[in-house]
Every structure is written in C-alpha cells, then in structure tokens.
**Q** 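Got a structure here, written out as structure tokens. Questions coming.
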Amino acid sequence: MDKKVTVINRTGADLLAASDGAAAEETPEEESCSPSCSGASGGSSSRVEAQLAEAMRLKMEGNSFYREKKVRSAIGRYHRALIVLRGLDSEVMSALKGFGSQLPTLTPEQEELLRSTQVDCYNNLAACLLQRQVVDYTHVQEYSLKVLRWRPGDVKALYRAGVATLELGDAQNARQYLLQASRGQPNDANVKKQLQRVEERLKKDYQKEKALYKGMFSKQKQGEGEEATGESLKQL
C-alpha cells in the first residue's frame, strides 16, 4: 500500500503495507500491551501469560527479520507464533474437547491480545509471501481472508485479498475486495492500479465469452441451414 499511509488500530497492529503486488518496506508497529497488563493472576493465568508472551516475542522477531529482508526467517517466526496461540484459541480448542483438551480461561484483555497477535501474524505472513520470487497466491488469499474475518475493514488485507484473488483467476470477487479497499483508501495508487487490471481482465473475459457464444450461434445456424438443405433435396 502507499508508504505514506500508516494504519494503526487500538491494539497496535503491525500491518505491513503492500505495493505493486508485494509488501512495501514499512517498519512494523510494536505491540503496545504486554500479557501482564491484563491484570489476571493464578497458575492457569500464568501459563496463559507465558504463551502470550512467547507468541509476541516470536512475532517481534519476525518483524525484525522482515525489516532485515530475511523473509523466510520472518515467515518461520510468524508461523511459530500462531502455533503457540492455537492452545489459547477457543475456536480451536473447543473442537478438541472430546480429546481431553482443556480450554484455558482468558480475560477479555487477554482474548483481545490473542486475537490481535493472530491477526498481525496472518497479515504479515501475507505481506511476506508477496515478496517471494514465486508467490503462493492461494496462501496469500487464505491469510488475508482470515484477517478480514476478524477485522473486516482492514484495507491492506482487502488489497492483498484482491490481488491474490485476481491472480487466482476470479476477477469478479477480486473487484469486490479492491473496491472495498478503495473506499478505505480512495487515493491509493496501488489500489487504483489493481482495479484497472481487474477491469481489463473482466473486459477480456467478456470478449472471450462473447466470441464463444457467437461461435456457438454460428454453428447452430449453420447446422439448421444444412438440415433445411437436406430436407429440400429429399423433396426433389
């Protein structure tokens, strides 16, 4: 996204901007809250705080690697942070209750920090993948949609989802993502550029579809003509 625009939400999310189908060089925002700020206590809470602290440490290491352009190492740290957080995620753990897994109790502040860190990691993973020589657009789309599930108006996730969806051949849905991104950043040059690509793709698709139907209609008409000629010959 435009390097001049920094999007910061109340949780201090470190969303890395994208530019021309790849993440732009931008210093990630540092998380302003630590696990201890939740004010919770007890053995279970201590374990929760330790896991949150470990995930945040891994995320910060990922940010450092990203700034150093060590994208592969950054991706590894973000993945490890997400693995650590899985044990605290109620959506994940509730599905494992039948296997003896116990769901830890989180305070609202811890739950907010958990979700914020997850969103940051998924957003940053998408940004990292867009910088690789061979881009895995399927995962870029997947991670961006995860962000949008929890943070629907995230402009950068909308942009990346649009770029990935277009590259995966779905220009119609790509247009919807990019239009939403455009409403959030109406003057962003990269969003405008990708929207132009979408319109060009849609125009080409329309021309191909039109030519296809034209060809089918011509063959049908030709067949009807041959059939009529055959009937005329029979009458003779």
**Q** Does anything in residues 116-136 form a ring pair (Phe, Tyr, Trp, His ring centres under 6.0 Å)? List the pairs, not counting sequence neighbours.
**A**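 Listed once each, the pairs are Tyr122-Tyr143.
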**Q** Give, for atom OG of Ser182 and atom CG of Asn187, the distance between the pair rounded to the nearest 0.5 Å.
**A**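 Ser182 atom OG to Asn187 atom CG measures 8.5 Å (nearest 0.5 Å).
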**Q** Determine whether Val140 and Leu195 fall in the same hydrophobic cluster, where Ile, Leu, Val, Met, Phe, Trp and Tyr are linked whenever their side-chain heavy atoms lie under 4.5 Å apart.
**A**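 In one cluster with Val140: Leu195, yes.
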**Q** Checking Lys204 now: which residues fulfil side-chain contact (heavy atoms from CB on, under 4.5 Å) with it, not counting sequence neighbours?
**A**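 With neighbours one apart ignored, the set is empty.
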**Q** Working to the nearest 0.5 Å, report the span between CD of Glu49 and CG of Leu106.
**A**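 Interatomic distance, Glu49 CD to Leu106 CG, rounded to 0.5 Å: 10.0 Å.
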**Q** Which heavy atom of Ile75 sits nearest a heavy atom of Cys128, and at what distance?
**A**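 Between these two residues, the closest heavy atoms are CG1-CB, 3.6 Å.
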**Q** Hey, what do you get for CG (Leu158) to CG (Leu145), rounding to the nearest 0.5 Å?
**A**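 Reported value, rounded in 0.5 Å steps: 9.5 Å.
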**Q** Once rounded to the nearest 0.5 Å, what's the spacing between atom NZ of Lys70 and atom OG of Ser64?
**A**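 Result: 10.0 Å between the selected atoms.
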**Q** Listed by chain and number, what are the salt bridge (Lys or Arg N to Asp or Glu O under 4.0 Å) partners of Glu142, not counting sequence neighbours?
**A**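 Once residues adjacent in sequence are excluded, Glu142 has no partner under the salt bridge (Lys or Arg N to Asp or Glu O under 4.0 Å) criterion.
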**Q** Where do Leu125 and Leu82 land on the side chain to side chain contact (heavy atoms under 4.5 Å, CB included) test, with the steps shown first?
**A** CA-CA 11 Å; Leu125 275 171; Leu82 289 168; 3.7 Å; yes
**Q** Using the test salt bridge (Lys or Arg N to Asp or Glu O under 4.0 Å), find all partners of Arg57 that sit at least two apart in sequence or belong to another chain.
**A**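 Glu54, Glu61.
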**Q** Distance check, rounded to the nearest 0.5 Å: Asn123 atom CG versus Lys146 atom NZ?
**A**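 It comes to 13.0 Å.
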**Q** Work out which heavy atom in Lys59 is nearest to a heavy atom in Cys121; give both atom names and the distance.
**A**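 Taking Lys59 first and Cys121 second, the nearest heavy atoms are CG-SG, 3.8 Å.
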**Q** Donor-acceptor pairs under 3.5 angstrom involving side-chain atoms of residues 161-179: please list them, not counting sequence neighbours.
**A**
{"from": "Thr165", "atom 1": "OG1", "to": "Gln141", "atom 2": "NE2", "distance (Å)": "3.0"}
{"from": "Thr165", "atom 1": "OG1", "to": "Ala161", "atom 2": "O", "distance (Å)": "2.6"}
{"from": "Glu167", "atom 1": "OE2", "to": "Arg197", "atom 2": "NH1", "distance (Å)": "3.2"}
{"from": "Glu167", "atom 1": "OE2", "to": "Arg197", "atom 2": "NH2", "distance (Å)": "2.8"}
{"from": "Asp170", "atom 1": "OD1", "to": "Asn173", "atom 2": "N", "distance (Å)": "3.2"}
{"from": "Asp170", "atom 1": "OD2", "to": "Asn173", "atom 2": "ND2", "distance (Å)": "2.6"}
{"from": "Arg175", "atom 1": "NE", "to": "Glu199", "atom 2": "OE2", "distance (Å)": "2.7"}

**Q** With sequence neighbours left out, what residues match Asp136 under side chain to side chain donor-acceptor pair (under 3.5 Å)?
**A**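 Side chain to side chain donor-acceptor pair (under 3.5 Å) check on Asp136 returns His139.
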**Q** Could you grab the distance from atom NZ of Lys156 to atom CG of Asp188, nearest 0.5 Å is fine?
**A**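 Going from the NZ atom of Lys156 to the CG atom of Asp188 covers 10.0 Å.
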**Q** What are the two closest non-hydrogen atoms of Ala74 and Gly62, and how far apart are they?
**A**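 Looking at all heavy atoms of both residues, the shortest contact is CB-O, 3.4 Å.
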**Q** For the hydrophobic clusters of this structure (ILVMFWY residues joined by side-chain heavy atoms under 4.5 Å, transitively), does one cluster hold both Trp150 and Val147?
**A**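 Yes; Val147 is reachable from Trp150 via cluster members.
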**Q** Could you work out, with side-chain contact (heavy atoms from CB on, under 4.5 Å) as the rule, every residue matching Gln133, not counting sequence neighbours?
**A**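 None.
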**Q** Would Asn63 and Tyr78 count as having a side-chain donor-acceptor pair, cut-off 3.5 Å?
**A**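 On atom types as modelled, these side chains qualify, holding a pair under 3.5 Å.
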**Q** Residues two or more places apart in sequence or in another chain: which of them pass salt bridge (Lys or Arg N to Asp or Glu O under 4.0 Å) with Lys203?
**A**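 Checked Lys203 against salt bridge (Lys or Arg N to Asp or Glu O under 4.0 Å); zero matches.
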**Q** Check for me, please, whether Ile83 and Val48 land in the same ILVMFWY cluster - side-chain distances under 4.5 Å, paths through other members count.
**A**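 No, it is not one cluster - the side chains of Ile83 and Val48 are not joined through contacts under 4.5 Å.
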**Q** Looking at residues at least two apart in the chain, or sitting in another chain, which of them share a side chain to side chain donor-acceptor pair (under 3.5 Å) with Gln118?
**A**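 Checked Gln118 against side chain to side chain donor-acceptor pair (under 3.5 Å); matches are Asp89, Arg115.
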**Q** State, with a plain yes or no, whether a side-chain heavy atom of Leu88 is found less than 4.5 Å away from one of Leu52.
**A**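 SC-SC contact between Leu88 and Leu52 confirmed.
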**Q** Quick one: salt bridge (Lys or Arg N to Asp or Glu O under 4.0 Å) pairs with a partner in residues 122-131, sequence neighbours left out?
**A**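 Output for this query is empty, none listed.
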**Q** Go through Leu113 and Met56 one step at a time and tell me if the side chain to side chain contact (heavy atoms under 4.5 Å, CB included) criterion holds.
**A** CA-CA 9 Å; Leu113 183 58; Met56 289 174 62; 3.7 Å; yes
**Q** Quick one, Tyr137 and Leu130 - any side-chain contact, counting heavy atoms below 4.5 Å?
**A**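 In contact.
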**Q** With heavy-atom distances below 4.5 Å as the criterion, would you say the side chains of Arg77 and Tyr66 are in contact?
**A**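 SC-SC contact between Arg77 and Tyr66 ruled out.
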